[in-house]
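One structure is given below, encoded as structure tokens.
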Amino acid sequence: MAYTLPPRVVATEAATELIDTLTQRYGPLMFFQSGGCCDGSSPMCYPMGDFSISATDVWLGALHGAPFYIGRDQFEYWQHTQLIIDVVDGMGGMFSLENGTGKRFLTRSRLFTDEECDQLARHAARESAKA
């Protein structure tokens with residue numbers, strides 16, 4: 001049975017426009033969903049390769065072509081939600097590339113439906129069996 005997995009992370013039109021602007025300025029990008037500390041719980045945008053991904057980080061998908069990661073502990077907490085990356089007026093995280101643009105990335109979320117959770121669980125079980 002063929003099915004399409006629900007994306008774990010998506011971008012609003014405003015976010016894709018800012019990603020395009022930052023890509024033109026800095027080249028390929030990557031994102032990491034911050035779990036707190038200095039910049040709260042914000043999606044952080046970096047030039048590709050400028051943030052070290054560890055073995056405990058989880059790849060959620062590509063956000064308008066840019067890989068998007070989250071720490072495993074935070075993923076465990078948010079695994080039943082789709083992250084929706086948006087843009088609002090304000091200051092970006094001090095280490096994030098949008099800082100100084102007058103805009104900042106913001107994470108919104110929605111709970112996956114029961115059906116979507118089942119699809120994701122079946123996919124994870126198949127991937128685990130392959131390993």
Determine whether Cys45 and Leu22 satisfy the following criterion, side-chain contact (heavy atoms from CB on, under 4.5 Å), listing intermediate values before the conclusion.
CA-CA 9 Å; Cys45 181; Leu22 295 174; 4.0 Å; yes
Please walk me through it: do Leu120 and Leu5 pass side-chain contact (heavy atoms from CB on, under 4.5 Å)?
CA-CA 7 Å; Leu120 290 165; Leu5 286 176; 4.0 Å; yes
side-chain contact (heavy atoms from CB on, under 4.5 Å) between Leu83 and Leu60, intermediate numbers included
CA-CA 9 Å; Leu83 302 186; Leu60 291 186; 3.6 Å; yes
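The two residues Leu18 and Lys103 have their closest heavy-atom pair at CD2-CB, 4.1 Å. Nearest heavy atom pair, residue Val87 against residue Thr12, reads N-OG1, 4.3 Å. For the pair Ser54 and Asp57, the tightest heavy-atom approach, listed with the atom from each and the gap, is N-OD2, 2.8 Å. Listed here is the closest heavy atom pair of Thr101 and Arg25: CG2-NH1, 4.0 Å. Here the closest non-hydrogen pair linking Phe32 and Ile53 is CD1-CD1, 4.2 Å. In terms of heavy-atom proximity, Gln119 sits nearest to Thr4 at OE1-O, 3.6 Å.
Between the side chain of Arg8 and the backbone N or O of Gln79, at least one donor-acceptor pair lies under 3.5 Å. Panel note: side chain Thr23, backbone Ile19; a donor-acceptor pair is recorded below 3.5 Å.
Two different hydrophobic clusters hold Tyr46 and Leu106 under the rule that ILVMFWY side chains link at heavy-atom gaps under 4.5 Å. Hydrophobic clustering of Ile, Leu, Val, Met, Phe, Trp and Tyr side chains at less than 4.5 Å, counting indirect connections, keeps Tyr77 apart from Ile84.
Distance check, rounded to the nearest 0.5 Å: CE of Met30 to CE of Met44 gives 11.5 Å. Distance check: Asp73 CG to Thr56 OG1 gives 7.5 Å after rounding to the nearest 0.5 Å. Phe51 contributes atom CZ, which lies 14.5 Å from atom CG of Leu29 (distance to the nearest 0.5 angstrom).
Summarising the local packing, CD of Glu127 is surrounded by more than 12 heavy atoms from other residues, nucleotides or ligands at distances under 6.0 Å.
Defined by atom type and a distance below 3.5 Å, a donor-acceptor pair is present between the side-chain atoms of Gln33 and Thr107. Side-chain contact check for Glu98 and Ser96: at least one donor-acceptor pair (N or O, by modelled atom type) lies under 3.5 Å.
Between Phe68 and Phe31, the two ring planes are parallel [angle under 30°; tilted spans 30° to 60°].
Looking at Ile85 and Val10, their side chains never come closer than 4.5 Å, going by heavy atoms from C-beta outward. Looking at heavy atoms from C-beta onward, Ser109 lies out of side-chain contact with Trp78 at the 4.5 angstrom threshold.
For the side chain to side chain donor-acceptor pair (under 3.5 Å) with Glu116, the lone residue among His80, Gln82, Arg110 that qualifies is Arg110.
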